[in-house]
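Just below is one structure, and these are the notes that go with it.
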Amino acid sequence: MSNPHTIFSATVLGLPRIGPNRELKRATESYWAGRLDAKGLHAVAAGLRTTQLTAARDAGLDSVPVGTFSYYDQMLDTAVLLGALPERVSGIADELDRYFAAARGNAEVTPLEMTKWFDTNYHYLVPELAADTVFSLHPEKPLAELREALAQGVPARPVVIGPITFLKLAKSVDGSDLLERLPDLLPLYEQLLGLLAEAGAQWVQIDEPSLVTDLTEAELAAVRSTYRQLSQVPARPAILVAAYFGRLGVALPVLAETGIEGIAVDLVAGGDSDVAVAQSITDKLIVAGVVDGHNIWRVDPDHALSQLTGLRDAGVPVAVSSSCSLLHVPYSLAPETELDERLRNWLAFGEEKIAEIRVLATALAAGEEAVAEALEIARTAVAARLADPRLRVESVRARLAGLDADAVRRTPADERRVLQQQRLNLPLLPTTTIGSYPQTSRIRVARAQLRRGEIDQAEYDTRMRAEIAEVIALQEEIGLDVLVHGEPERNDMVQYFAEQLDGFAATINGWVQSYGTRCVRPPIVYGDVVRPRVMTVEWITYAQSLTSRPVKGMLTGPVTILAWSFIRDDQPPADTARQIALAIRDETVDLEAAGIGIIQVDEPALRELLPLRKADQAAYLDWAVEAFRLATSGVADTTQIHTHLCYSEFGEVIGAIAGLDADVTSIEAARSHMEVLDDLNAAGFGLGVGPGVYDIHSPRVPGTEEIEKSLELALKAVPAERLWVNPDCGLKTRRTDEVIASLRNLVAAAQALR
């Protein structure tokens, strides 16, 4: 390999930014609330970066990614870098406030749309571009973070999102082909490369995850021309193009034809399919993603070393890496002292993954004997996991094997609708909310006291019942038609159920970023899933006892529980989904037996797990739909099944949404201005639908007139007898005053249109 730049041997493709104890979340929310100024926020961020980057250096990484830090989202940062923020925020003078206005809106400004980052539970903000968008370079952030890292002796590798991915993931607001804007963007990337080299960068990582999706010939040609052009910049760092979440396939030889110096390949999600092609690329550094950055299981060292040595023995320069950014896994196993010790030995969080990478890189360079003890510990743990009897529960497997086609089938929807209306007697345009209400300080205090043993479970339950009574009374006073209990007893819509199901484990501090300051603790599915007892019936029936209006039973669907957990990788995801579905089915039957007439089974992650290549999508949608229907088809026709989907590009799963056969589907539509309804109509969707008219991810309070206009748009696509009125999503993250004002306006708008 002819490369004047230093070759590195051990790295990761990105690092988390929320802080090991969510320090950035708390500081950012304090800034929004006016309790912390910009200087204080920047100081917290700088401290987190310094600690993290020096720790990665000291752990043995000889190339450390910088520039992956963000106050909100990396796609938003790229829009700032390229001068592509929407015009509506340009009047905000303060740079940081302008940034956050684009992210979450304010009283006057609507935010950018938000959707899922490929097949992860991370959400990115969607840049809005047009044929006449004027791009300009604003490189202050990446340059400052590079200089900061170099000053601390960190072998820094700046990371930027590549032009192909930026344009493919952006939204064309005028219908133009955004890839035609490449000639306008590439000079800015050329300029950035020069500035990074001038600042001391030896390598630059250009992230192009969109290259693992299906690409047209025109898109492949754009990849070829883009990286030929960028590689011809005379004074620049070495270029590493990083693709992850799948196999590069035909894009790999196209990249190999260009003058870039390195290619990062995901050998976990992509399997071994790229290895054979990479073995022929001897003039570039192959950054081999053999340690899973998207899940939390220990690496199988023998499998990883076979991939690495296969590349090395073919004459390929190799560096060992995570498969993707460590943004998607918790920081460290160190706080997880309450985990079952056997399970703990099977796991690797971010800190442990960096150690695994260092061990593999040492074994590759110096031989396995140099790290024999570490390899033996890993091999023992991998073998112990596969032999553990908790991985198989024969009773649940036998029950699933005995199900027939009737287990996933209900009476036709039109017949159900008549029976349900006779039972529920709802008005036209019925109003409801999605499930959660604001998590008040009282709730958080009670939860913390229970965790510390300062109150017992009985006292905690008493306090939660008081919260439920308050929320029921509030909804009645506002005038909502279908109520919810507010979910005060739930720490998270997935973790709550995982803690009550066998085969799951929960963490103490396993936080990962979902979007902005929203963090979640995904539970771990390690074995077969069984529901040992009822999970929600007591809470829902208590709420129903307080009102004559229907209260929805609130459950999380099997696909979402699967998607928002760290799942076992020793069996197909479809098998785990069916086990979870069986547990949820039993809960729906028990809710119905307790007199609950509406049960909502949320599937916001339906789109999230969709495979990135079309050839793999049909099989996924088949088992995802079957799992939902297995979960919801055990109830009578008089019981109304709702579901909820949010913040996804729905077009690719419209047919599956109809296939769920839910009586009512509530769906994100506020930021996308009801566009999803046209897609539903095109697919022949004939069930109840509640397009969100209130964007709960923004602090804005929508006015009555604004909501009326949204409903009028919806009524052009959906007849009134099938249209519901609701927010986009649950209200857990909003302030109570915002919620009350917004819901009053929502009810007033629905009543005006009736």
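Positions are given from 1 along the sequence. Below, all heavy atoms of this structure are taken into account, side chains as well, without hydrogens, waters or symmetry copies.
Note on D302 versus R379: salt bridge recorded, some NZ/NE/NH1/NH2 to OD/OE distance being below 4.0 Å. Under the 4.0 Å criterion applied to side-chain N and carboxylate O atoms, E587 and R531 are assigned as salt-bridge partners. The existence of a salt bridge linking D73 and R104 is excluded, since no basic side-chain nitrogen approaches an acidic carboxylate oxygen closer than 4.0 Å. Ion pair R533/D502 not flagged as a salt bridge, since none of the NZ, NE, NH1 or NH2 atoms sits closer than 4.0 Å to an Asp/Glu carboxylate oxygen. Remark: R342 engages D388 in a salt bridge, criterion side-chain N to carboxylate O under 4.0 Å. We find that R385 and D569 are joined by a salt bridge, their nearest charged nitrogen and carboxylate oxygen being less than 4.0 Å apart. The pair R247-D274 fails the salt-bridge criterion, with no side-chain N (NZ, NE, NH1 or NH2) lying under 4.0 Å from an Asp/Glu carboxylate O. The pair R392-D575 does not count as a salt bridge, with every side-chain nitrogen at least 4.0 angstrom from each carboxylate oxygen. Using a 4.0 Å cut-off between charged side-chain N and carboxylate O, R399 and D528 make no salt bridge.
Residues satisfying the side chain to side chain donor-acceptor pair (under 3.5 Å) test with N345, not counting sequence neighbours, are none. Evaluation of the side chain to side chain donor-acceptor pair (under 3.5 Å) rule for Y331 yields no partner, not counting sequence neighbours.
Between C519 atom SG and K25 atom NZ the span is 5.5 Å, to the nearest 0.5 Å. Taking CG of D602 as the start and CD1 of I561 as the end, the distance is 10.0 Å to the nearest 0.5 Å. The OG1 atom of T432 sits 7.0 Å away from the CD1 atom of I434 when rounded to the nearest 0.5 Å. For the atom pair M75 CE and T115 OG1, the distance stands at 11.0 Å (nearest 0.5 Å). Separating the CG atom in D616 from the CG atom in L610 is a distance of 9.5 Å, to the nearest 0.5 Å. Rounded to the nearest 0.5 angstrom, Q74 CD and D207 CG are separated by 8.0 Å.
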**Report entry** Test side chain to side chain contact (heavy atoms under 4.5 Å, CB included) applied to D663 and Q420, step by step
**Finding:** CA-CA 9 Å; D663 298 299; Q420 291 161 14; 3.2 Å; yes
Query raised in the report: Is there a side chain to side chain contact (heavy atoms under 4.5 Å, CB included) between T560 and L562 once you walk through the steps?
Result: CA-CA 5 Å; T560 296; L562 188 78; over 6 Å; no
Requested in this report: Test side chain to side chain contact (heavy atoms under 4.5 Å, CB included) on L555 and T536 and set out the steps.
Outcome: CA-CA 8 Å; L555 304 172; T536 67; 3.8 Å; yes
Report task. May I have the step-by-step check of salt bridge (charged side-chain N to carboxylate O under 4.0 Å, His left out) for D214 and K614, ending in yes or no? Result -> CA-CA 7 Å; D214 294 320; K614 291 191 183 301; 5.6 Å; no
Query - Trace of the side chain to side chain contact (heavy atoms under 4.5 Å, CB included) decision for Q617 with V653 - result: CA-CA 9 Å; Q617 291 174 0; V653 296; over 6 Å; no
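A 4.5 Å side-chain heavy-atom check between E499 and P523 finds every atom pair outside the cut-off. Contact of the S321 side chain with the V290 side chain is not registered, since no non-hydrogen atoms from C-beta on lie closer than 4.5 Å. Using a 4.5 Å heavy-atom cutoff, the side chains of L483 and P550 are not in contact. The closest side-chain heavy-atom distance from Y437 to I443 is not below 4.5 Å. The side-chain heavy atoms of T507 and I524, taken from C-beta on, include a pair separated by under 4.5 Å. The closest side-chain heavy-atom distance from D266 to V212 is not below 4.5 Å.
With 3.5 Å as the limit, one finds no donor-acceptor pair spanning the side chains of D340 and Y526. With no hydrogens or angles considered, a side-chain donor-acceptor pair links W564 and E608 at under 3.5 Å. Side-chain polar atoms of S514 and H123 form a donor-acceptor pair below 3.5 angstrom. Between the side chains of E336 and N509, not a single donor N or O lies within less than 3.5 Å of an accepting N or O. A side-chain donor-acceptor contact under 3.5 Å links T411 and D637. Between the side chains of D461 and Q457, at least one donor N or O lies within less than 3.5 Å of an accepting N or O. Side-chain contact of E592 with T639: a donor-acceptor pair under 3.5 Å is present, judged by distance alone.
Of the possible donor and acceptor atoms, one in the side chain of T165 sits under 3.5 Å from a partner among the backbone N and O of S210. Side-chain N or O atoms of R629 include none that pairs as donor or acceptor with a backbone N or O of L660 at under 3.5 Å. Looking at E668, its side chain never comes within 3.5 Å of a backbone N or O of G692 through a donor-acceptor pair. Put simply, the side chain of Q500 gets close to the backbone of Y496: a donor and an acceptor are under 3.5 Å apart. Put simply, the side chain of S666 never gets that close to the backbone of G690: no donor and acceptor are under 3.5 Å apart. Between the side chain of H642 and the backbone N or O of K552, no donor-acceptor pair lies under 3.5 Å. For S633 (side chain) and L630 (main-chain N/O), no donor-acceptor pair under 3.5 Å exists by modelled atom type. Of the possible donor and acceptor atoms, none in the side chain of S565 sits under 3.5 Å from a partner among the backbone N and O of I567. Panel note: side chain D272, backbone V275; no donor-acceptor pair is recorded below 3.5 Å. Formation of a donor-acceptor pair under 3.5 Å by the R22 side chain with backbone atoms of T517 is not found in this model.
Between S436 and K732, the shortest heavy-atom distance links the atoms OG-N, 3.1 Å. Annotation for D661 and A413: closest pair OD1-CB, 4.2 Å, computed over non-hydrogen atoms. A605 and A563 make their closest contact through CB-CB, 3.5 Å (heavy atoms, listed as atom of the first residue, atom of the second, distance). For the pair L391 and R568, the tightest heavy-atom approach, listed with the atom from each and the gap, is O-NH2, 3.0 Å. Across every non-hydrogen atom of I508 and P335, the tightest pair is CD1-O, 3.6 Å. Nearest heavy-atom pair, I657 versus L645, reported as atom, atom and distance to 0.1 Å: CG1-CD2, 4.1 Å.
Cation-pi geometry between R298 and W346 is not met at under 6.0 angstrom from the ring centre and within 45 degrees of the axis.
The 12-atom threshold is exceeded at CD of E394, counting heavy atoms of other residues, nucleotides or ligands nearer than 6.0 Å.
Using a 30° and 60° split on the angle between ring planes, Y122 and W117 fall in the perpendicular class, above 60°. Note: F566 and F349 have tilted aromatic rings, judged against thresholds of 30 and 60 degrees for the angle between ring planes.
Judged as a ring pair (Phe, Tyr, Trp, His ring centres under 6.0 Å), the pairs with a partner in residues 601-625 (not counting sequence neighbours) are, in order, Y620-W623.
Partner of Q439 under the side chain to side chain donor-acceptor pair (under 3.5 Å) criterion, chosen from R490, R447, E487, R734: R447.
Ring to ring, H328 and F245 are close: their centroids are under 6.0 angstrom apart.
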